[in-house]
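Working notes, structure below.
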Amino acid sequence: MSSITVIVQNCGLTGLAAIKALNAAGNCTVRVASRDAAKLREKLAEEGAKAEVFQTGDDALFAGVDRFICIPPGGTPAPEARVSVALDFLTKAKAAGARHGVVLSVIVADRRRGLFGSQWGEVEDAATEVGVTVVSVRAPMFYGNMWGDVATIKSHDTFYMPIAGDTRQLTAAVADVGAAMAASVLDASLGDKIIHVVGDHLTKNEIAALYSKKLG
């Protein structure tokens with residue numbers, strides 16, 4: 001396969017993981033945009049990742065693009081803006097010539113459950129209507145997000161969730177999600193498929209035991 005140009009929307013945890021996986025795969029040029037391009041270049045250098053960085057809003061990002069990874073933003077001023085930002089990215093990628101791409105989605109998009117399921121499901125639907133082949137990579141909560149409980153555990157020896165301790169929770173590692181997105185964007189034969197990335201199926205009690213082991 002000749003070298004291809006892949007654009008990655010957003011360079012948070014998943015975007016960075018995807019860029020690293022694309023770098024490891026080789027044979028592609030990676031582009032990404034940021035509101036603070038200089039800061040992102042520094043971050044990529046620190047992480048040993050390589051990508052051409054554009055300023056957010058600079059449509060030169062899309063010039064000559066072959067494939068894309070659409071990552072709807074997790075945090076926006078208004079929740080519905082997640083969808084509009086993703087749709088703008090998809091439309092511009094298609095107009096620039098992209099013929100295949102990946103949409104990062106959530107497990108609950110299967111039946112459009114809840115706010116996340118509804119919004120990410122809307123992005124999935126829109127991606128298929130753009131007129132390119134698309135792979136939806138669905139993932140549950142990331143292991144890394146759980147680390148937000150550390151301060152509470154250190155101060156109260158407790159973490160709080162509105163579910164019973166023996167309830168199992170789907171989780172995934174960001175690195176695995178990034179690897180799945182990279183593999184899916186590089187293999188156009190996967191177009192129009194849905195890929196689920198799921199890690200250990202742990203109860204909250206098991207997670208509590210792991211916190212205790214790690215934090216003492």
Side-chain angles (χ1 to χ4, degrees), residues 5-22 30-41 43-44 49 51-110 112-142 144-145 172 174 177-178 180-182 184-185 191-192 194-195 197:
T5 298
V6 180
I7 53 174
V8 179
Q9 183 186 26
N10 300 324
C11 190
L13 292 175
T14 50
L16 179 60
I19 290 170
K20 288 182 175 181
L22 288 169
V30 185
R31 295 178 183 169
V32 67
S34 173
R35 288 188 297 271
D36 190 336
K39 184 175 181 179
L40 179 54
R41 291 188 185 98
K43 177 181 177 182
L44 291 172
E52 297 177 358
V53 181
F54 292 74
Q55 191 70 33
T56 297
D58 183 358
D59 286 347
L61 168 74
F62 297 92
V65 64
D66 298 298
R67 302 182 186 183
F68 62 83
I69 295 178
C70 175
I71 304 176
T76 54
E80 60 272 15
R82 297 186 186 111
V83 177
S84 61
V85 170
L87 296 188
D88 181 66
F89 177 84
L90 291 168
T91 302
K92 289 181 177 179
K94 166 64 186 307
R99 294 291 177 266
H100 176 70
V102 171
V103 171
L104 175 63
S105 189
V106 293
I107 290 288
V108 292
D110 61 343
R112 307 308 192 245
R113 292 172 290 168
L115 177 64
F116 279 11
S118 174
Q119 290 183 339
W120 266 264
E122 187 175 345
V123 175
E124 286 188 16
D125 293 340
T128 61
E129 295 168 2
V130 165
V132 299
T133 57
V134 177
V135 182
S136 293
V137 174
R138 294 177 177 172
M141 180 179 180
F142 301 140
N145 291 342
V174 171
V177 177
M181 290 194 293
S184 299
V185 81
D192 303 322
I194 297 173
I195 294 176
V197 182

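Model, not experiment: these values are computed from the prediction.
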What is the minimum heavy-atom distance between R41 and V53, and which atoms define it?
NH2-O, 2.9 Å
Test your reading of the model: is there a side-chain donor-acceptor pair from S118 to the backbone of L115, 3.5 Å cut-off?
no
With side chains defined as the heavy atoms from C-beta onward, is the minimum distance between V85 and Q9 less than 4.5 Å?
yes
Can you give me the closest heavy-atom contact between F62 and A96, atom names plus distance?
O-CB, 3.1 Å
With side chains defined as the heavy atoms from C-beta onward, is the minimum distance between D125 and R112 less than 4.5 Å?
yes
Flag side-chain contact, heavy atom, 4.5 Å: E52 against T5:
no
Under the ring-ring contact (aromatic ring centres under 6.0 Å, His included) test, residues paired with F116 that sit two or more places apart:
W120
Contacts satisfying side chain to side chain donor-acceptor pair (under 3.5 Å) that involve residues 129-139 (not counting sequence neighbours) are H100-T133, E124-R138
Sequence neighbours left out, what passes ring-ring contact (aromatic ring centres under 6.0 Å, His included) with F54? Give chain and number order.
none
Are the side chain of T14 and the backbone of G178 linked by a donor-acceptor contact shorter than 3.5 Å?
no
Donor-acceptor check, side chain of Q55 to backbone of R35, threshold 3.5 angstrom: yes or no?
yes
Main chain of V65, side chain of R67: is a donor-acceptor contact present, judged purely on distance under 3.5 Å?
no
So, R31 side chain and L61 main chain: donor-acceptor pair closer than 3.5 Å or not?
yes
With side chains defined as the heavy atoms from C-beta onward, is the minimum distance between C11 and L44 less than 4.5 Å?
yes
Shortest non-hydrogen pair, V185 vs G101, comes out as CG2-CA, 4.3 Å
Value for CD (Q119) from OG (S105), rounded to nearest 0.5 Å, stands at 11.0 Å
Measure across V177 and A139 and return the closest heavy-atom pair with its distance rounded to 0.1 Å.
CG2-CB, 3.8 Å
Approximate separation, where rounding is to 0.5 Å, of S34 OG and D58 CG:
12.5 Å
Heavy-atom side-chain proximity of N10 to F89 below 4.5 angstrom
no
Looking only at heavy atoms, the pair that brings V103 and L90 closest together is CG2-CD2, 4.4 Å
Hey, what do you get for CG (L104) to CD1 (I69), rounding to the nearest 0.5 Å?
9.5 Å
Exercise: identify the closest heavy-atom pair between A33 and L40:
O-CD2, 4.3 Å
Heavy atoms of other groups near I107 CD1, more than 12 under 6.0 Å:
yes
